Amino acid sequence: MTRTKNLCILGILMMLSTGFAQEVETDMIAPELFSEITTKGMVHQETMDFSFYPRTPLAQKAVSTWEQEEEPNYSAENLYYLKKETLVANSANKESADTSLDTVAKVIRSISKMKGMQYYSNGDKKWETLYHNAYMVEGEKSKKPIADQTEGNADGKTYYCLLDDNSFGDGIYQLDYQQTENEVSLCLTNVESLKVAMFKGVKPRFMKINLVVTDIGDAYLVYMVVQAKYAKISFLESRIRRSLAARVDAIYNWFKFQF
């Protein structure tokens with residue numbers, strides 16, 4: 001009798017789980033895409049026609065933040081499937097790891113913790129430091145450090161930060177946050193020119209990285225899109241493209257270990 005009861009409970013849980021997965025697929029992303037990311041962990045494509053983003057309010061906003069008349073000449077999107085149990089497994093405090101959306105909102109506002117972030121340089125074929133320094137600053141025209149602003153809800157908040165980038169040097173960036181009941185997002189925009197080998201490779205506000213984290217129960221969908229318009233300097237183009245692509249994976253991999 002006990003065994004039969006346990007089997008019934010297991011069957012109900014499996015049905016509920018299947019129903020939830022179908023609901024995620026139907027409402028947010030196509031069934032075949034959901035199947036692919038749960039199997040592979042992520043999908044990536046360089047494209048001007050975004051198709052991987054979940055059909056949610058903040059993800060849909062993320063693909064429409066480009067505000068320049070000139071079209072970007074680099075545009076790519078990544079969609080990751082990240083189980084909350086993976087965040088716990090990666091945590092230094094497994095017993096007390098908090099994987100709630102409010103914690104996610106704090107993590108992506110913890111700019112100072114991005115200092116020392118690592119990325120793999122495809123050009124140099126080795127791991128390198130992406131941000132040699134990282135901290136929030138007083139404003140768009142100030143480099144005076146302030147503490148990470150992580151308290152309360154992130155919705156509608158705008159901050160600024162300094163990032164000392166391994167490829168682009170140090171510069172000020174604008175941070176725009178939004179938060180709903182089951183999503184939180186960040187739009188990172190360069191306020192100053194990004195220099196590559198002493199050339200002004202990217203003009204102010206011509207580079208955007210969007211990050212959207214969507215809670216789907218026992219996992220998160222992490223959607224990232226990067227867009228940039230850079231100078232057509234032949235010997236720098238491939239370097240800039242590699243640098244932009246590396247940032248997306250570096251930010252995601254950093255995010256996974258912050259809980």
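Just so we're clear, the structure is a prediction, and the values are computed from it rather than from any experiment.
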[atom1] ([X]) with more than 12 external heavy atoms under 6.0 Å:
| X | atom1 | value |
| --- | --- | --- |
| D124 | CG | yes |
| K61 | NZ | no |
| K84 | NZ | yes |
| K83 | NZ | no |
| K106 | NZ | no |
| K40 | NZ | no |

Which heavy atom of [X] sits nearest a heavy atom of [Y], and at what distance?
| X | Y | result |
| --- | --- | --- |
| G139 | I172 | O-CG2, 4.3 Å |
| W254 | K113 | NE1-O, 3.0 Å |
| L163 | A134 | CD2-CB, 3.6 Å |
| L58 | S185 | CD1-OG, 3.9 Å |
| V202 | M207 | CG1-CB, 3.9 Å |
| A76 | H44 | CB-CE1, 4.0 Å |

Quick one, [X] and [Y] - any side-chain contact, counting heavy atoms below 4.5 Å?
| X | Y | answer |
| --- | --- | --- |
| Q178 | C187 | no |
| L87 | Y220 | yes |
| S75 | F50 | yes |
| Y252 | V222 | yes |
| N182 | T56 | no |
| N73 | R241 | no |
| L79 | P54 | yes |
| D170 | N133 | no |

Item checked: Sequence-distant partners of R239, salt bridge (Lys or Arg N to Asp or Glu O under 4.0 Å), two or more places apart -> none
Next item on the list: In sequence, state the C-alpha distance, the side-chain angles, and the governing distance for S100 and D98, and then conclude on side-chain hydrogen bond (donor to acceptor under 3.5 Å, both in side chains).
Entry: CA-CA 6 Å; S100 68; D98 181 356; 3.0 Å; yes
Give the cluster check for [X] versus [Y]: same hydrophobic cluster or not, with ILVMFWY residues linked at side-chain heavy-atom distances below 4.5 Å.
| X | Y | result |
| --- | --- | --- |
| L101 | V107 | yes |
| V226 | Y80 | yes |
| I251 | L162 | no |
| V248 | V104 | yes |
| Y160 | L194 | no |

With rounding to the nearest 0.5 angstrom, report the [atom1] to [atom2] distance, [X] to [Y].
| X | Y | atom1 | atom2 | result |
| --- | --- | --- | --- | --- |
| T214 | M28 | OG1 | CE | 6.0 Å |
| L175 | I111 | CG | CD1 | 5.0 Å |
| D148 | Y135 | CG | OH | 12.5 Å |
| N253 | N90 | CG | CG | 9.5 Å |
| L211 | F255 | CG | CZ | 7.0 Å |
| H132 | K115 | NE2 | NZ | 11.0 Å |

Would you check if the side chain of [X] reaches a backbone N or O of [Y] as a donor-acceptor pair within less than 3.5 Å?
| X | Y | answer |
| --- | --- | --- |
| Y230 | Y74 | no |
| T39 | S35 | yes |
| Y81 | E36 | no |
| N190 | R205 | yes |
| Q118 | G116 | yes |
| E138 | I146 | no |

Note to self: Between L188 and K208, is the side-chain contact (heavy atoms from CB on, under 4.5 Å) condition met? List the steps.
What the structure shows: CA-CA 5 Å; L188 177 79; K208 286 182 177 288; over 6 Å; no
Next item on the list: Quick one: sort the F206 and W66 rings into parallel, tilted or perpendicular, breaks at 30° and 60°.
Entry: perpendicular
Next item on the list: Evaluate the side-chain contact (heavy atoms from CB on, under 4.5 Å) criterion for residues Y120 and K125: first the C-alpha distance (whole Å), next the side-chain angles of each, then the deciding distance (0.1 Å), finally the verdict.
Entry: CA-CA 7 Å; Y120 186 75; K125 304 300 180 184; 3.7 Å; yes
Check: Who are the side chain to side chain contact (heavy atoms under 4.5 Å, CB included) partners of A105, not counting sequence neighbours?
Finding: R109, A154, Q179, V184
Next item on the list: For side-chain contact (heavy atoms from CB on, under 4.5 Å), just list the numbers for Y119 and D249, CA-CA rounded to whole Å, side-chain angles, deciding distance to a tenth of an Å, and then say yes or no.
Entry: CA-CA 8 Å; Y119 76 106; D249 278 332; over 6 Å; no
Margin query: Could you go through K229 and E71, starting from their C-alpha distance and side-chain angles, then the distance that decides it, and tell me whether this counts as salt bridge (Lys or Arg N to Asp or Glu O under 4.0 Å)?
Written below: CA-CA 7 Å; K229 172 73 174 181; E71 291 294 318; over 6 Å; no
Next item on the list: Assess whether side-chain contact (heavy atoms from CB on, under 4.5 Å) is satisfied between T158 and Q174, documenting all intermediate values.
Entry: CA-CA 7 Å; T158 295; Q174 181 172 318; 3.9 Å; yes
Margin query: Quick one, E77 with Y223, criterion side-chain hydrogen bond (donor to acceptor under 3.5 Å, both in side chains). Give me CA distance, side-chain angles, the key distance, then yes/no.
Written below: CA-CA 7 Å; E77 62 178 347; Y223 178 68; 2.6 Å; yes
